Amino acid sequence: MTSALAALILAAAGGSGEGVWQLYRNLTEAGPIELAVDEGPLREHVRRVARETSSRSSLEFVLVAPAAARTDAPRVLLGTWETPEVRRLAEALGAEEKPSGYHFGAKGFAGHGDVLAAWFEDPDRAGTLTGLYLAHDETGLISLLEDLTPPARPSARSYRAGTCVFQAELTPAGELVAGTSVSRVPEGGKRSVWSPFGKMSLPAGVDDETADDYGRRVGLAHERLLAWIPVRNNRVVALAYAHVEDKLRDTGDSALFTCATREDTVHVLLSPDVPDDGGAGVLATRLLKTHGSAAEAWVAEAAPVAGAGTWWGRDLDAHIARLAASAHRPGIADLIDPVADLELSPHVRAPLRAALFVWFVERTGGEEPAAVGKRLWTGEEKITPDAELERAFRAHLAELAADEAPPRRRVDTFISGVALEPAGTSELEGYAARGAAESLAAARAVGADAVALSTFTYLDPGWPSLPEPDLARRRRATQSDTALAQIVSDAQSLSMRVLLQPHLLSSPGGHFAGSLTWRSQEGWEAFYDEYEGFLEHYALLAELLGVDLLCIGTELAAATRFEAEPWRRRVNHELLAFKRLRTLRWLDQTRAFFGGDVTLSVRSSVTGITVKDFTLWDRLDVAATAFFPPIPPADWSERRDPVGEIKRRLQASVDPVLQSGRKMLLLPVGFPSAERAHRLPSSPSGSPDPEKQEVLFEALAEVLEVAREREEMAGFFLWKWSTDPQAGGLADSGYTPRGKPAERVLARLFGR
């Protein structure tokens, strides 16, 4: 690491003083430096690097096991989070372990070649400069470690995939010094501007007008917060991002803001037409600098949101009023629970925590609210919920509640859309990727006027591994809310209507939760409770983003069957009535939060629940079914026109819905470019056969032309369109028509 540490020494600026230089003298004059590293390939590599470093300097090194280190010798610790001493020292420095890897300076490091290199005063050995090399894996450290020469000042650098992406000067005690962090910048570079709250680093995609508006709103947020808690007007460095992908790559986090907890730095998303944090990130940083870390997680979230006065671009008070009108709003005990983030949607939790914070500090008679707010932050005072306090808070929410539902938005023209699907499992391959917008623009260019967006949420750990599952577990989604906000914004900028289709799975890669059958009434109640929380989150998100349609369920065969199958001898009529009642409650809850059209998708096949089995079409705005019509082998072998078979099967799905006064939406419809696409269109099988896909697309286009004219259908979403602009090609046997003969049919299919 010769060049890296040399640059580190040269980059260190400021922070001079006798204490700093004394640390360095103590290190170089104390005798051999201990290299604490476990047995294995890394130890042998460190031995060689130590020998080479000693040959060109006056330093001496001795290798020891981490547990055998002396307490009076300078040391360098090398290893991973699995090395207890390395981990302990890294945590003292401020690094944190998260499911995705370790974080330092608001950046995540979780891959091969990710390394944190730091030198600072040993917390266990006063006056001794200690080196720390923390790697995601030992192989990455071996590839990067070339020198063990210490820098002249306490400092730190982080490497991602072998490239330095973060550097900072440290105080002797290991605290990050404000203003010295350097972030990797996206292509195009960044420029610095001064805002009322401090310096802003802006990429090319964020103009000065946007920055000025954000700075103005931060000023208003700061003044608002002063009424509830004292906070110093510290200068803050705001690193802005014009796209979710840039922030995700730079910080490992796609949230609206990310605080660097030991700096005066905050990373904020200022993507055009995507909601921002309203200044909450700057306030969170200032609160941290004024009072230190909040004693309780709920206060740390509540105060900045209360000051911002907005939630995801909407007026905070109006959003709280909508939540307060819900019959299922959480109480004080739920909101202050340390694990509330595992159970409550952030669109419920954070705004209601802000409401609780403001209500509590303002209800204390003649005492200054700000004094109460400060005590809540520091932990000198804590809320202890009891029946009387709960009643008082619920009465307060009842006063705030807005009874009217969100303004209705109706889709009253035929939809010709694509189902946009992530190209891979990571967010950077999904809706957060810049390529997703490029792919969406290609769909718009050939005539698509709408897009269906899917996200899969699963319960972790998986169920039903237990006899009766404990459903109160963290829900994890494959696509974050900010990634969805980015792609919704991209679609709306192309004048495309948006359908959001969230799916709840029993576990990663597991079954659709609604297709499972529980063994008891209690199991069903737990499922419906969990599903209500899941739906609540996406109904609120869909409304915040201005989505046009929301699909509240897919593959809910067991959950939405309210009539007994004819062959079943024993029928639990009470359970069937319960399931119908809870499904209606889903609908009522969704409409309370979401003003667009609501649908539910069922299968069109003979398995599971079919279009004719579902009995609540009249309670929805539009009916929906997945439509993958098989063509009988005999018809295909005799080269009969497949139009007739597709038309017959489509009519069989449409007719039961027409009786309820609703129209049918095909969500989705498509054919793979595979050898047996006509026999089993719902599952690609056989070698690639792009010509067969073209014939089937031609037949589908002809059927949909007639459906448009008869006005019996709401439209369709073509399965599928990848977020990868390069997806498809003749060798691909999947569903996308891109790069295949079927692409020639798209203009006709979309009605152009």
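None of these values were measured; they are calculated from a predicted model.
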Indicate the atoms forming the closest heavy-atom contact of [X] with [Y], along with that distance.
{"X": "S254", "Y": "S480", "answer": "OG-OG, 3.1 Å"}
{"X": "S271", "Y": "A242", "answer": "OG-O, 3.0 Å"}
{"X": "V418", "Y": "F717", "answer": "O-CD2, 3.6 Å"}
{"X": "L746", "Y": "P737", "answer": "CD2-CG, 3.9 Å"}
{"X": "V274", "Y": "S489", "answer": "CG2-CB, 3.8 Å"}
{"X": "D276", "Y": "L269", "answer": "CB-O, 3.5 Å"}

Looking at [atom1] of [X] and [atom2] of [Y], how far apart are the two atoms once the value is rounded to the nearest 0.5 Å?
{"X": "I552", "Y": "Q501", "atom1": "CD1", "atom2": "CD", "value": "11.5 Å"}
{"X": "L420", "Y": "I487", "atom1": "CG", "atom2": "CD1", "value": "5.5 Å"}
{"X": "D273", "Y": "Q486", "atom1": "CG", "atom2": "CD", "value": "9.5 Å"}
{"X": "E429", "Y": "E245", "atom1": "CD", "atom2": "CD", "value": "11.0 Å"}
{"X": "L704", "Y": "L718", "atom1": "CG", "atom2": "CG", "value": "9.5 Å"}

Quick one: are the ring centres of Y531 and F534 less than 6.0 Å apart?
->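 They qualify: ring centres under 6.0 Å apart.
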
Strictly under 6.0 Å, is that where the ring centroids of W719 and F671 end up?
->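 No; F671 has its ring centre 6.0 Å or more from that of W719.
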
Kindly indicate, with the supporting measurements, whether the criterion side chain to side chain contact (heavy atoms under 4.5 Å, CB included) is fulfilled by L499 and L665.
-> CA-CA 11 Å; L499 179 145; L665 178 67; 3.9 Å; yes

Any Lys/Arg nitrogen of [X] or [Y] sitting under 4.0 Å from an Asp/Glu carboxylate oxygen of the other?
{"X": "K647", "Y": "E702", "answer": "no"}
{"X": "R410", "Y": "D597", "answer": "yes"}
{"X": "K692", "Y": "E675", "answer": "no"}
{"X": "R585", "Y": "E532", "answer": "yes"}

How far apart are the C-alpha atoms of D253 and T258, what are their side-chain angles, what is the distance that settles it, and do they pass the side-chain hydrogen bond (donor to acceptor under 3.5 Å, both in side chains) test?
-> CA-CA 7 Å; D253 172 18; T258 306; 2.6 Å; yes

So [X] and [Y], would you call those rings parallel, tilted or perpendicular, with 30° and 60° as cut-offs?
{"X": "H267", "Y": "Y241", "value": "parallel"}
{"X": "F628", "Y": "Y735", "value": "perpendicular"}
{"X": "H347", "Y": "W312", "value": "perpendicular"}

Quick one: are H243 and L248 in side-chain contact, heavy atoms under 4.5 Å?
->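 H243 vs L248: side chains apart.
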
Would you indicate whether the side-chain heavy atoms of V654 and M664 approach each other to under 4.5 Å?
->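 Of all side-chain heavy-atom pairs linking V654 with M664, at least one is under 4.5 Å.
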
R619 atom CZ, neighbour heavy-atom count above 12 within 6.0 Å |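 Incorrect, the count does not exceed 12.
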
Is the number of heavy atoms from other residues, nucleotides or ligands within 6.0 Å of NZ (K720) greater than 12?
->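 Count not over threshold, so no.
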
Starting from the C-alpha separation in whole Å, work towards a yes-or-no answer on side-chain hydrogen bond (donor to acceptor under 3.5 Å, both in side chains) for S345 and Y538.
-> CA-CA 9 Å; S345 164; Y538 283 104; over 6 Å; no

Cation-pi between R409 and F594: NZ/CZ under 6.0 Å from ring centre and within 45° of the ring axis?
->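 Judged by the rule (NZ or CZ under 6.0 Å from the ring centre, within 45° of its axis), R409 counts as positioned above F594.
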
Only one of L696, L700, V703 forms a side-chain contact (heavy atoms from CB on, under 4.5 Å) with V643, so which one is it?
->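 Between V643 and the candidates, side-chain contact (heavy atoms from CB on, under 4.5 Å) is satisfied uniquely by V703.
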
